[in-house]
Amino acid sequence: MSPANETALRRSGVNSQDLVARLRVGDRRSLARAISMVETGGPQARELLAAAYPYAGNAHVVGITGPPGAGKSTLVTALALEWRSRGVTVGVVAVDPTSPFTGGAVLGDRIRMQALGGDPGVFIRSMASRGRLGGLARATADAVAMLDAAGFQVVLIETVGAGQGEVDIARAAHTTLVVEVPGMGDDVQSIKAGVLEIADVFVVNKADREGADKTVRQLRAMLHLADRQPGEWEPPVLTAVATTSTGSAAIVDAATRHLAYLRETGLADARARHAAERELAAAVQELALERLRGQAWHDLVARIASRERDPYGSAEELFNALFHG
Amino acid sequence: MERKIRVLVAKPGLDGHDRGAKVIARALRDAGMEVIYTGLQQTPQMIVEAALQEDVDVIGLSILSGAHMTLLPKVTQLLKEQQMDDVLVVAGGIISDADAAILKAQHGIAEVFGPGASTQDIVRFIQDHVSVSRE
């Protein structure tokens with residue numbers, strides 16, 4: 001157990017079961033502490049995730065991604081307010097990049113989320129993107145699980161859309177909103193970025209700006225080129241001016257429709273199975289690595305590096321020792 | 001895995017000067033910390049609520065308006081009510097030595113950094129005191 005984790009437990013003075021029981025009755029400090037613990041990873045995190053697991057799986061998880069400056073945080077705020085006006089509670093996980101040079105991060109998404117302050121039906125957590133055990137997708141999924149177990153009905157995950165990590169997050173969400181803004185380049189940009197494949201709903205934000213119509217037209221044209229089966233979900237292209245909450249209602253409607261579509265077509269179950277398989281694989285991998293990383297591991301690493309051994313035979317040797325040793 | 005030190009940098013009250021807060025946020029980031037920056041014009045309630053949700057180890061309050069003797073004790077008072085008095089609270093800005101002494105002695109402010117304080121000193125103070133409170 002890492003020292004920080006031990007402290008986290010002692011500071012709260014409870015075990016995983018108690019912590020989950022407390023976050024389930026709305027104790028926000030326990031929820032905050034639980035998210036820290038799952039972020040840190042390790043045996044304590046697993047115990048906590050296991051205790052929370054029966055209570056999660058109810059939230060509508062919505063990923064929101066797009067280029068820096070597209071207005072994601074502002075849109076998240078506008079959407080959260082819209083959901084709140086419908087009596088739905090909202091958790092937010094806002095991811096910002098970690099500096100690759102220092103490992104530190106400035107997480108500034110809360111600046112644009114002031115309007116959500118003071119509402120017990122909202123919980124916002126900022127997260128740095130790098131240096132997470134098992135990767136970013138894993139860390140966000142674990143944080144989402146805690147918010148889900150705490151009873152938040154919609155959980156929004158905000159990420160900068162620029163790479164595999166974001167695609168993985170999208171895969172963990174039920175519904176992915178891709179935010180575009182006018183004037184970000186021609187329609188070829190959206191083909192190469194790979195965002196067409198992950199978007200369930202497109203939002204052209206800052207739609208009061210020149211060129212918004214063109215961006216909408218281009219996105220629709222690209223979408224029409226896609227091969228779709230009859231009855232298959234076709235991502236709507238919606239417009240928004242997030243600073244004035246314009247368009248929020250239509251976006252929330254579309255996200256809600258998308259969830260209903262997933263449920264009616266059985267895709268929700270299929271996705272849940274895929275997610276379950278990924279979670280199991282990740283848990284097995286983490287556990288295996290934890291058990292195998294001993295002296296023999298480090299000896300083998302040195303011998304593989306000097307080409308004395310190969311990684312494949314070495315892996316088998318380690319596994320055989322684990323199961324038969 | 002070692003958890004990074006998490007710091008909330010906030011500007012309580014009405015002054016709109018956040019250059020200092022941003023310099024500090026940047027320096028703490030460069031020291032490997034995760035800095036949650038909340039922006040201007042925060043009430044003590046907003047600051048404590050954000051600190052709670054973000055589960056921070058440290059709150060850094062930047063204040064230039066002169067209202068520090070009202071707002072800073074309010075923050076630490078609210079922290080106490082939330083049983084969050086294990087969170088390290090430091091302040092920066094235009095705060096007289098006499099006020100700083102009272103804030104430290106009576107109101108749970110761990111340290112006050114005035115104009116001319118080096119970012120290195122601030123980083124070191126946080127690193128030293130967080131590791132102590134975590135042990």
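What you see below is based on every heavy atom in this structure, not just the backbone, and it leaves out hydrogens, waters and symmetry mates. Order of the sequence lines fixes the chain letters, A, B, ..., with proteins taken first and strands second; residue numbering starts at 1 for each chain.
Here the straight-line distance linking atom CE of A/Met127 with atom CZ of B/Arg6 works out to 7.5 Å at 0.5 Å rounding. Between the OG atom in A/Ser126 and the CG atom in B/Asp55 there is a gap of 12.0 Å [rounded to 0.5 Å]. Expressed to the nearest 0.5 Å, how far CD1 of A/Ile124 lies from CD of B/Glu54 amounts to 8.0 Å.
Only the backbone of A/Val122 comes within less than 4.5 Å of a heavy atom of chain B; no side-chain atom from C-beta onward does.
At most 12 heavy atoms of other shown residues, nucleotides or ligands fall within 6.0 angstrom of atom CG in B/Asp97. More than 12 heavy atoms of other residues, nucleotides or ligands shown are found within 6.0 angstrom of CG on A/Leu289. Counting heavy-atom neighbours within 6.0 Å of B/Glu81 CD, excluding the residue itself, gives a total above 12.
At a threshold of 4.0 Å, the pair A/Arg29-B/Asp86 counts as salt-bridged, since one of the basic side-chain nitrogens sits closer than that to a carboxylate oxygen.
The two residues B/Thr38 and A/Arg110 come nearest to each other via the heavy atoms CG2-CD, 4.3 Å. Closest non-hydrogen pair, B/Arg29 versus A/Ala105, comes out as CG-N, 3.2 Å.
Of all residues in residues 39-53 of chain B, those placing a non-hydrogen atom less than 4.5 angstrom from a non-hydrogen atom of chain A are B/Gly39, B/Leu40, B/Gln42, B/Met46, B/Glu49, B/Ala50, B/Leu52, B/Gln53.
With sequence neighbours left out, B/Asp99 forms a salt bridge (charged side-chain N to carboxylate O under 4.0 Å, His left out) with no residue at all.
Note: A/Arg125 leads A/Gln114, A/Arg28, A/Arg125 in heavy-atom pairs under 4.5 Å with chain B.
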Determine, stepwise, if the pair A/Ile111 / B/Tyr37 fulfils side-chain contact (heavy atoms from CB on, under 4.5 Å).
-> CA-CA 7 Å; A/Ile111 298 172; B/Tyr37 182 59; 3.4 Å; yes

